[in-house]
Every structure is written in C-alpha cells, then in structure tokens.
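Written out below as structure tokens is the structure these notes cover.
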Amino acid sequence: MSQAPGFEYAAAAQDGGALISKRPKGAGKGRRTPLSQRAARIVVLVLVLGYLILPLFAMLEFSTRGDFDRTTKTFGRTLDSFAAIFSNDDLMTSIITSLEIAVLTVFGMLVLLVPTMVWTVVRVPRMRRVVEFLCLLPLAIPAIVIVVGIAPIYRWMGQNLGGFGASALTLAFIDVILVLPYSYRAIDSSLRSIDTATLSDAARSLGAGWPRTIFSVIVPNIRGGILSASVLAIALVLGEYTISSLLSFNTVQVVIYLLGKRNPYVSVAVSLAALVFAFVLLFVISRFAPGADSRAQRAEEEPA
Amino acid sequence: MSVASPSPAATGHGVAVAFEDMHRWYGSVHALRGLSLEIAPGELIALLGPSGCGKTTALRALGGLDEVDQGRILVGGKDMTRVPANKRNMGIVFQAYSLFPNMTARDNVAYGLRLRGVDGAKRKKKAEETLELVGLGAQASRYPHQMSGGQQQRVALARALAIEPSVLLLDEPLSALDAKVRRQLREEIRRIQIMVGITTLFVTHDQEEALAMGDRVGVMSAGRLEQIAAPAELYDRPATKFVAEFVGLTNRIPGRTDGSDVEVLGTRVPLLPGATDRGAVQVLVRPENVRLAAADGGTGRVLAVSFLGSLCRAQVALPDETIVVAQMSATESAGLYPGATVNVSVVPAPVFAVAE
C-alpha cells in the first residue's frame, strides 16, 4: 500500500529527523534570472565599485606621482610620499598619539559599555531603552556643541593637572562618548543574538560570580560585536578632526591637514594608508570573528 | 512507577527543601501568595500549572535567580533565602537552550567543576563520566551548535549534575523539544534522578509530564498551591474545583446532590470532600468513568469516534444536548459509530461537583 505524502512527512518529523526534499528536475530553471536582469546587476555593481574605488585609485595615482616627463607628458611613479610618512617626525608622533588615543578609547568604551549592557539585559531590561537613548545621544549633538561645552574643562585640566591635563591622550574621554552610538549598536546586535539572561543564570547557578559570568561566558560569545565595536571606535578616532583641531591637539587628522598645505602628496598618502589600514582591520575581523549568524548557519548544515 | 509520598515529615524521611509562606510581588502582580511546600530527600516534586501561576517564580527563588519578598527557603535545614545563586550549589536545567556556545559539551559540563577548583584531569574525567551517564560520551568534543535540541538538554542535565548539587531544578526542560524526543528524555531524566537519588523540583505546564515523572505533583494557580499529592490521588481525588478541571480530561454533566452523594445519569455516586454539596450541580466525570452501551432507542447519540491506538474516545450527545466524552478500550468500542444510539451511565467512583 502506498503511503500518502502527508503521512511520510509526519513520520519524518516525529522522528526528529531532517526532512530532505529532492529538488524537482527543472525547478531551478523556472527561477533563473533573465539575461537583462543579470546584465543590469553587473552594470550596477560596476558603477558602485567604480564610485567607491575611483577616489582611492585617484589618491593612489596622486600620491605616487614622481617627476613630470615633458617628452611623454606623464608623471613618473615613486613611493617617496609613503616613505616620507616615516621620516616626518610630526606625522609619526601624531600617528602614534592617535593610535594611543584609539587604544584608550577602545578600552574605555568596552569597560563602560559591556558590563552596563549585560547588566541592563540581565537585571533591568526595562532600562534598555534608556541606555540606548543615552548611547545614541552623541549622534544628535554636533561636535562643535560638545567642544563649546567641554572646552572649559579641558582648560582647567591643562592648568591644574600638569602634563596629563595638557596631553592629547585626554581626548580619549570625549572620544569614548563619540563612539558610543556605533559601538552600542555593534554590541547590542551581538547580545541580541544570544540568550544573555539564560546564559548568565546558567553560569551563576554553576557558581560563577558576576565578573566571571561576564568574562568567561558573555564576552566570548559576543566577541564579534566587541571586535566590530572596537574597529568602529578606532576608525572614528583616527578620522576625528573637529574636536582635536578646536582643542588644539595634534592628532593625525590635524597634522594631515597642516601637512596638506605644505606637501599634498604626503597628505594624500597618509589618508590612503589610513583607509587601507581600516580595510585591513575590517577584513581581519570578518575573517576571524564569525558572528552568531554564521554559527546558526553551521548548525543548520550539521544536524546531529 | 511513581511512589506516593504524601508529606516528607509524615513519612519520616526528613525535609531536603522547605518553602515557608513565600510571597513575591512584581509591581502590582502578586506572583506567589504564601507558598509553603516541603520536599523530601531524593523526592521529585513536579509543580504543574498554567502560565503565570507562579511555578517558575518558585523554582527561580529556590535557585537564587529571583528574590522573595516574604517567607523563607530552607535547604537541608539552612536558611538560603538571601544566599546568592552562585553560593547555593543547585543544578538548574532551563527551558531555553543554555549551553555556553563557545565551549564543547565536555567544557560545558566541566565549567562548574572548574569554578570549584577541581584540577584538570579529575575535571575531565568527571565531565566525561557525567556525559556517559546521559548517553553522550561520544559527543564530548562537540559544540552546542553541532548538537540537536535533545542532546543539548542532556548536556545541560549533565552539567547540572556534575557539580553534585544539593537540589536539581528543572525549569520546563522539555518544552522546546518535539513530542517523541520529549517522551524519551523525560523517562531518561526520571531514570537518572532515581539512580543519582537527587532531590528534584520539576516545573512544567504539561500535566502528562508532571503525572508521569513526579513522586508528588503540586498544582498551582494564581500564586497558590491548590493541592499537592501523588499523581493517582491528584487525578482520582482532586481537592479543589481548579484541580478537578485542570488535571486530565473532564466532562461536566448536570446532576443533583443531597450532601454525601450525587445522582448523575441515573447513578448515585459519592461526592469528594470540597465539592458543592446541595442542589443542582455540574458533576465532573472522567471520560474513562463514562460507560456506553450500544442500544436501539438509547438516550445518547454518538457524534464521533476517535481511534487512539489501544484506546478509543467517543463523543456522545445527551438528550439535553450536553456533549459527553467517553474513553474505553478499542475492543469495547465495537459497535460504536457516528449516529449510533447508546445508553450512557457513569461508574460509581467518587466525583467532584461544582455549582451550576
């Protein structure tokens, strides 16, 4: 006696087994994209890539220009501008300073944000909206307003806290606030991808205190979000100009601007190097920090 | 087979866990209203009730994951009411999958042991032994995402047992699983619980699960414990209207009572204590206590017959349009078909009655 298709399906589902359905012959053909649509997609892709890559290519072309050859009416190619980055003391100092600020900012942001967000999710979920609002607030406040508000504090620090008060590293305090909206989003999406409350309850029931719960259970599972938040913070700090300039701190963007007035080739070379640095960081993160989505995908691929 | 234990103190087994007059408010919601309960060492108590009845609140309070506003929790005679969760030594299996995704099954099970300072080799051995206990010794190196839901809950059970907890808490651990796996796992949990001899509080809204697993079953409603008794007693002798209606399938058939007995479908049956004892009532009769006899000119008319394997269930309309469900063995159901006329009677087993 032949079984009805519905019965077969129910039996498979009861066993908890995976339902494997063969794709009917020709099923794919009906869904094949018409040639015109595929061509349109390629055109759009080329246009977008061109829009994004062309400026970078122009920067590369400009920053590698050598002497002008009057006979061929073309520029020679040289990496002198990139080499000059390392021989320009002001530039190197500003790069190191900016990287130090970036490290401090990332550290401050993570120390402030991760425990707060975990605590909010686990203990006071009704405060989630409030924390989100506070974290997103810097998006709505222009940098110039922040500088006007905070300049007296920096003046006071410069006068009363000696070398530390006058150091550009103090910019990390402001930068921590500036990166909050972006970092919050990155960490929040990671926290939403795991059952933070249940994992915390499980860890605590097994004997872990709060610090251990956060560092041994929560943090490893939101690693992708933390890395994304860190990259965004680094990118923002390296690209921040307005506040540094108005508070008269020589960060890399300020020095690039000043350098651009004297030597535009080196200025563009530094900008291009900074962009490439950000791309490499993003690539490293996307390569080595798979998120929860890819984990779920793997689970689907490997039913036990 | 479950063993009834009416009250730990009465049996002389002592008390492993005691709730004393526990209250819990969430804003204006009174989630626990004076919950008192005693659990004997090695006993499995199933707390059963609808969503929002307070059963999970009670479990979380025992595990230290939630606080009580009033009352005490005693474990082995010690007051644990204000002891934080990480100092209580209780193993919890949650409804949601709670394995740490960044750790293998072995590392998950060993996590609690590591926190207790057990050295590496012993930890690994103990974790693997506990995984063997739940039948997953071969899966020790797998990550949670490489395991099915049933396997994950087994690892969670192993993780909870590995720390040798004073009490095992099961918070609807089977509700996310499909029916077949759920039945298998509940039998396995019960087997392991009896083998290990651990005191267990099991929370569920599935009465089949509660009746199948619990030494005693506590039925909760609106923050109160309505009744706690052995499964058979709970089913046959419900103490309140809520328990009578909530546990098992129940027919509501019109009847008339004079105080000690009630007349229903022409049969006098004894009334259970707590039932309404005067005048016209609705009698709560179990389907298996309804008898059908095929007869031309019978007063009942069969509406439908459902085949359930070894059992059969028939819906019958009475002359006053009351629908009655009767349950019988498949052989007894011969001759029943939609449209057939039958005589309907009830078995003279004690029944609960509520006012009309």
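Chain identifiers are assigned alphabetically (A, B, ...) following the order of the sequence lines, protein sequences preceding nucleic acid strands; residue numbering begins at 1 within each chain. The basis for the numbers below is simple: all heavy atoms, side chains too, and nothing from hydrogens, waters or symmetry mates.
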Can you see which heavy atom on [X] is nearest to which on [Y], and at what distance?
X: B:L115; Y: A:G207; value: CD1-C, 3.5 Å
X: A:S205; Y: B:I163; value: O-CD1, 4.2 Å
X: A:R204; Y: B:G64; value: NH2-O, 3.9 Å
X: B:F94; Y: A:A202; value: CE1-CA, 3.6 Å
X: B:S98; Y: A:L199; value: O-CD2, 3.4 Å

* Asked: chain A heavy atoms under 4.5 Å from B:R60: which part of the residue, side chain, backbone, both or neither?
  -> side chain

* **Which atoms of B:L169 approach chain A - backbone, side chain, both or neither, heavy atom under 4.5 Å** => neither

* **Heavy-atom contact with chain B under 4.5 Å, split by part of A:S216** => both

* Structure fact -> The interface call for A:D195 against chain B, heavy-atom contacts under 4.5 Å, is side chain

* When rounded to the nearest 0.5 angstrom, what distance separates CG in B:L99 from OG1 in A:T198? -> 11.5 Å

* Stepwise, does the side-chain contact (heavy atoms from CB on, under 4.5 Å) test hold for B:I92 with A:D201? -> CA-CA 9 Å; B:I92 307 181; A:D201 284 349; over 6 Å; no

Would you say [atom1] of [X] has more than 12 non-hydrogen atoms from neighbouring residues, nucleotides or ligands within 6.0 angstrom?
X: B:R82; atom1: CZ; answer: yes
X: A:F215; atom1: CZ; answer: no
X: A:Q37; atom1: CD; answer: yes

* Could you go step by step and tell me if B:N86 and A:W210 meet the side-chain contact (heavy atoms from CB on, under 4.5 Å) rule? -> CA-CA 9 Å; B:N86 57 326; A:W210 276 111; over 6 Å; no

* Asked: Is it true that a side-chain atom of B:R116 and a backbone atom of A:L206 form a donor plus acceptor pair closer than 3.5 Å?
  -> yes

